[in-house]
Amino acid sequence: MSRHSSKKKKSSNIAKAVRILILITAFAVFFYALYQILTIRSGYQGAVDEYTALQESFTSAYDGNSQASSGSEADLPVLTPEEENWLIEDADPPLSVDFASLQAINPEIVGWIYIDARPTISYPILRGSDNDYYLHHTFRGEDNFSGSIFMEYTNSADFSDPNTIVYGHNMKNQSMFGLLKYLRDQSVYDSAPYFWILTPEGNYRYHIYAAFETPYDSDAYTLFYGRGDDFLAWEEKMQKNSEVINDVALAVSDHTVLLSTCTSDSNIRCVVLGKCVSSARPPMAKEVPHDS
């Protein structure tokens with residue numbers, strides 16, 4: 001065999017080996033990606049199953065025993081008869097929640113959220129020592145990409161702040177806050193413009209007055225440690241930003257809850273804001289910064 005033929009055969013063998021190596025690598029990448037997808041889907045389903053079991057075990061149809069507002073009467077805003085007409089919108093809560101049993105599992109459960117227009121959004125609300133842990137841990141403390149619905153850790157646990165922020169993932173399987181974006185649709189909003197924060201101290205009904213997309217660092221995430229004209233001006237600005245038209249009356253004495261989730265743009269968030277309109281309501285927060 002000539003030296004030229006030997007070199008040609010050697011070169012052909014190298015090329016074949018390279019092709020086989022590329023093929024093996026491609027298969028490895030494919031199967032790893034498939035494994036990752038199946039793992040994520042399994043995690044999604046695991047979280048759905050866990051929270052479904054939680055709902056079945058610790059919530060029930062409302063039993064008619066509405067809880068009174070937390071705090072003393074001195075903590076509550078003094079409303080004129082005129083204000084009563086447009087600030088109070090009482091209704092029976094959608095659920096009764098066994099908070100004693102829930103908090104025996106995890107004492108960091110501070111409430112339960114339920115959205116009338118999207119009743120599958122029905123989850124416990126956690127409050128940790130930071131805003132990282134419950135991003136990827138369930139209420140049982142198990143590592144899961146779906147995480148939990150959780151409160152801004154610098155907010156008061158009793159929802160007494162003027163603006164309380166509650167976060168949740170925008171999951172592709174529409175669990176957690178995956179359906180929150182639909183509240184930006186006028187027809188969905190008009191069908192049921194309320195959500196509930198149920199707590200051990202009281203059942204609080206919120207009338208949605210704004211829903212829109214906003215940068216992650218916008219002033220929608222402003223926290224207030226006292227009520228005044230700046231808080232009311234902020235509420236009015238949020239209402240003007242809203243993609244859903246509404247005439248919800250706003251007042252300095254309001255308790256707002258802002259629900260927040262991510263979007264396909266990492267810099268943009270979807271937010272939904274509601275004000276407490278039930279006669280049962282959180283206490284008025286002290287006008288000083290509080291510990292986390």
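Please read these numbers as outputs of a predicted model, since none were measured by experiment.
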Tell me if a side-chain donor or acceptor on [X] pairs with a main-chain N or O of [Y] at a distance below 3.5 Å.
{"X": "His207", "Y": "Ile88", "result": "no"}
{"X": "Thr263", "Y": "Asp265", "result": "yes"}
{"X": "Arg118", "Y": "Gly178", "result": "no"}
{"X": "Glu213", "Y": "Arg184", "result": "no"}

| query | Going by atom types only, do Asn163 and Thr256 share a side-chain donor-acceptor pair under 3.5 Å? | reply | no
| query | Just checking, any donor-acceptor pair under 3.5 angstrom between side chains of Ser122 and Gln55? | reply | no
| message | Tell me whether the rings of Phe145 and His136 are parallel (<30°), tilted (30 to 60°) or perpendicular (>60°). | response | parallel
| task | Describe, in one word, how the ring planes of Tyr206 and Tyr204 are oriented to each other, choosing from parallel (under 30°), tilted (30 to 60°) and perpendicular (over 60°). | result | perpendicular
| Stepwise, does the side chain to side chain donor-acceptor pair (under 3.5 Å) test hold for Asp90 with Ser279? | CA-CA 6 Å; Asp90 279 328; Ser279 53; 2.8 Å; yes
| field | Name of the residue among Pro200, Pro124, Ser148 meeting side chain to side chain contact (heavy atoms under 4.5 Å, CB included) with Ile109 | value | Pro124
| task | Before giving the answer on side chain to side chain donor-acceptor pair (under 3.5 Å), spell out for Tyr221 and Thr214 the whole-Å C-alpha distance, their side-chain angles and the decisive distance to 0.1 Å. | result | CA-CA 10 Å; Tyr221 294 93; Thr214 190; over 6 Å; no
| query | For residues 248-260, which residue pairs qualify under salt bridge (charged side-chain N to carboxylate O under 4.0 Å, His left out), counting only residues two or more places apart or in two chains? | reply | Asp254-Lys275
